[in-house]
Amino acid sequence: MTKITSIRTRVWHWTGPTVPPRGNFCTNASDALYEKGDAMSSFRFHQWLTVEVECDDGTVGIGNAALAPTVVKKAIDDWYAPLVIGEDPFDYAYIWEKMYRRTHAWGRKGIGMTAISAIDIAIWDAMGKLTGKPVFKLLGGRTKEKIPVYYSKLYARDIAAMQAEAEEAMTHGYTAYKSRFGYGPKDGMPGMRENLKRVEALREVIGWDNDLMLECYMGWTLDYAKRMLPKLAKYEPRWLEEPVIADDVAGYAELNAMNIVPISGGEHEFSVMGCADLLRRGAVSVLQYDTNRVGGITAAQKINAIAEAFQVPVIPHAGQMHNYHLSMANANCPIAEYFPVFDVEVGNELFYYIFEGDPEAKDGFLQLDDDMPGLGISISDRHLHNFRIEE
Ligand SMILES: O=C(O)[C@H](O)[C@H](O)[C@@H](O)CO
Ligand SMILES: [Mg+2]
């Protein structure tokens, strides 16, 4: 029997250069407030948590978390690691339930479930390494020759710059593009026009044979979204993402039931139960949990089965290997999100500066290696000079 002997947590604080924040960059939940200064500040992730689960034969599985890394680190060090050390990693379902139930009073969403996710991902990486199999081969194997990806950036800014970015992305063969709205309820009718002008401008560049997805990042309200949907319909978006805050599940369901534009969400939902509730209530037409938030690979795979029963496709939030392996192993995961490598801005791109092994998209697809055990990533020292590491 294999045993887990230690869990090492490190917070990687980015100290390198970052792209300065811009106004109307991306609507977000703080936009509802009378906000002085940078409303987007609490939605930038310039830190990341790595979790290394070591087994008694020296095998180390790597997990990660992007949400509130310093707090998640403390939760793991103080509460979760003692529950997991001494267990057999192949008892991953038992370990998951133990972490979930022993901290159920406070850990079923947010910080706790993010901690569970990071440990669970590390356990699956360890199991892959211990069996000599890529994680996707432990989940269901290769359901796709290669994974189609969508280009995910196009934050709101001046129209010429957005069109230039889309034109450049087009040269890489993507057939799907996600853009972010910069305006919401506080910007009134003029803001609606600004939003619509940018959608129009992107359609001019990518044409009508490519998918266009539109992201609100929780920055609109139900009222505003109901007014915008009929105006957006003619641009045929594949989905409208996170129009309202994650707690407004009824709002999601009302917008989705309008059947004007498919509503997507889930990246701020946690646990099997949380995602099952979104599906049961018809809240989303596309489910977008993130494996490093929702409960790790153990929970994500259960959610995939439930989503398949509802025939709701799962397109996890973010690229990154913990999501790619699930996309490869599930026919109900049609495409994956892909953040192009770029200067540190929002923070989704930090993954590339901490890890080695994440595949690069080519001609709108990415590939996983049948012979690469585990997740296929390692912790890199290429950019150590740009990080302060908190052990
Ligand atoms: O869907 C996404 O990629 C997320 O919402 C991103 O983190 C981003 O849009 C927020 O800045
Ligand atoms: Mg999103």
Side-chain angles (χ1 to χ4, degrees), residues 14 18-31 38-48 64-69 114 117 149-157 162 165 169 174 176-184 195 198 202 211-220 225 237-246 248 252 255 261-270 275 278 283-294 313-320 322-324 327 333 335-352 358 361:
W14 177 256
T18 59
V19 176
R22 283 180 276 114
N24 296 106
F25 169 82
C26 178
T27 56
N28 58 79
S30 286
D31 283 350
D38 179 8
M40 192 67 188
S41 58
S42 54
F43 298 107
R44 271 192 287 276
F45 309 100
H46 290 167
Q47 309 162 341
W48 211 285
N64 77 88
L67 293 181
T114 303
S117 303
V149 297
Y150 71 87
Y151 175 91
S152 185
K153 195 165 180 277
L154 291 166
Y155 286 88
R157 48 190 172 149
M162 290 181 77
E165 181 189 339
Y174 298 101
Y177 301 80
K178 184 159 86 179
S179 176
R180 276 76 178 169
F181 285 113
Y183 302 84
N195 283 333
R198 284 162 176 75
L202 290 176
D211 283 334
L212 177 62
M213 291 78 85
L214 302 173
E215 161 84 81
C216 312
Y217 199 59
M218 308 177 282
W220 290 0
R238 180 164 175 173
W239 69 68
L240 180 72
E241 184 167 333
E242 287 208 300
V244 295
I245 56 171
D248 187 7
Y252 273 92
L255 294 169
V261 174
I263 301 300
S264 76
E267 74 178 79
H268 295 103
E269 192 45 74
F270 299 88
C275 289
L278 288 181
V284 293
S285 294
V286 177
L287 180 61
Q288 299 171 302
Y289 62 66
D290 193 327
T291 305
N292 72 1
R293 302 174 182 180
V294 79
V314 175
I315 302 175
H317 162 257
Q320 298 151 17
H322 47 271
N323 291 312
Y324 294 148
S327 298
C333 296
I335 62 174
E337 179 166 16
Y338 183 78
F339 298 125
V341 183
F342 46 94
D343 295 342
V344 175
E345 188 171 34
V346 174
N348 294 314
E349 59 288 328
L350 266 188
F351 203 84
Y352 295 116
D358 241 46

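This structure is a prediction, so every number in the text was calculated from the model and none was measured. In what follows, residues are counted from 1 in the order of the sequence shown. Indexing begins at 1, ligand by ligand and atom by atom, following the structure's order.
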(request) To 10°, measure the OE1(Glu215)-the Mg ion (ligand 2)-OE1(Glu267) angle for me. (result) 170°
(message) Check this for me - ligand 1, Asn348, N or O atoms closer than 3.5 angstrom, yes or no?
(response) yes
(request) May I ask you to list the atoms of ligand 1 that are less than 4.0 angstrom from any heavy atom of His317? (result) 1 (O), 2 (C), 3 (O), 4 (C), 6 (C), 7 (O)
(message) Regarding Arg180 and Ser152, do their side chains bring together a donor and an acceptor under 3.5 Å, going by distance alone?
(response) yes
(message) Is any side-chain heavy atom of His46 closer than 4.5 Å to one of Val344?
(response) yes
(request) Salt-bridge test for Glu269 and Arg293: reply yes if a basic N is under 4.0 Å from a carboxylate O, no otherwise. (result) no
(request) Verify the distance criterion only: is there a donor paired with an acceptor across the side chains of Tyr150 and Glu337 at less than 3.5 Å? (result) yes
(request) With heavy atoms only and a cut-off of under 4.0 Å, state how Lys178 meets ligand 1: side chain, backbone, both or neither. (result) side chain
(message) So if I count the atoms of ligand 1 from 1 in the order they appear, which ones are less than 4.0 Å from some heavy atom of Phe339?
(response) 3 (O)
(message) Testing the basics here: between Ser327 and Cys333, what is the closest heavy-atom pair and its distance to 0.1 Å?
(response) CA-CB, 3.6 Å
(request) Kindly state whether the ring of Phe351 and the ring of His322 have centres lying under 6.0 angstrom apart. (result) yes
(request) Output the list of atoms in ligand 1 that are nearer than 4.0 Å to some heavy atom of Glu215, sorted by atom number. (result) 1 (O), 2 (C), 4 (C), 5 (O), 9 (O)
(request) Could you check which N/O/S atom of Glu241 is closest to the Mg ion (ligand 2)? (result) OE2
(message) Can you confirm, on distance only, whether ligand 1 has an N/O atom lying under 3.5 Å from any N/O atom belonging to Glu337?
(response) yes
(request) Please indicate whether any nitrogen or oxygen in Tyr155 is less than 3.5 Å from any nitrogen or oxygen in ligand 1. (result) yes
(request) Show which atoms of ligand 1 fall inside a sub-4.0 Å distance from at least one heavy-atom site of Val346. (result) 11 (O)
(message) Within the 4.0 Å heavy-atom shell around Glu241, which atoms of ligand 1 are there?
(response) 1 (O), 2 (C)
(request) Just jot down the ligand 1 atoms closer than 4.0 angstrom to any heavy atom of Glu267, in number order. (result) 1 (O), 2 (C), 4 (C), 5 (O)
(request) Start with the C-alpha distance between Tyr183 and Trp220, add both sets of side-chain angles, then the distance that settles ring pair (Phe, Tyr, Trp, His ring centres under 6.0 Å), and finish with yes or no. (result) CA-CA 9 Å; Tyr183 302 84; Trp220 290 0; over 10 Å; no
(message) Any carboxylate oxygen within less than 4.0 angstrom of a Lys/Arg side-chain nitrogen, looking at Arg22 and Glu345?
(response) yes
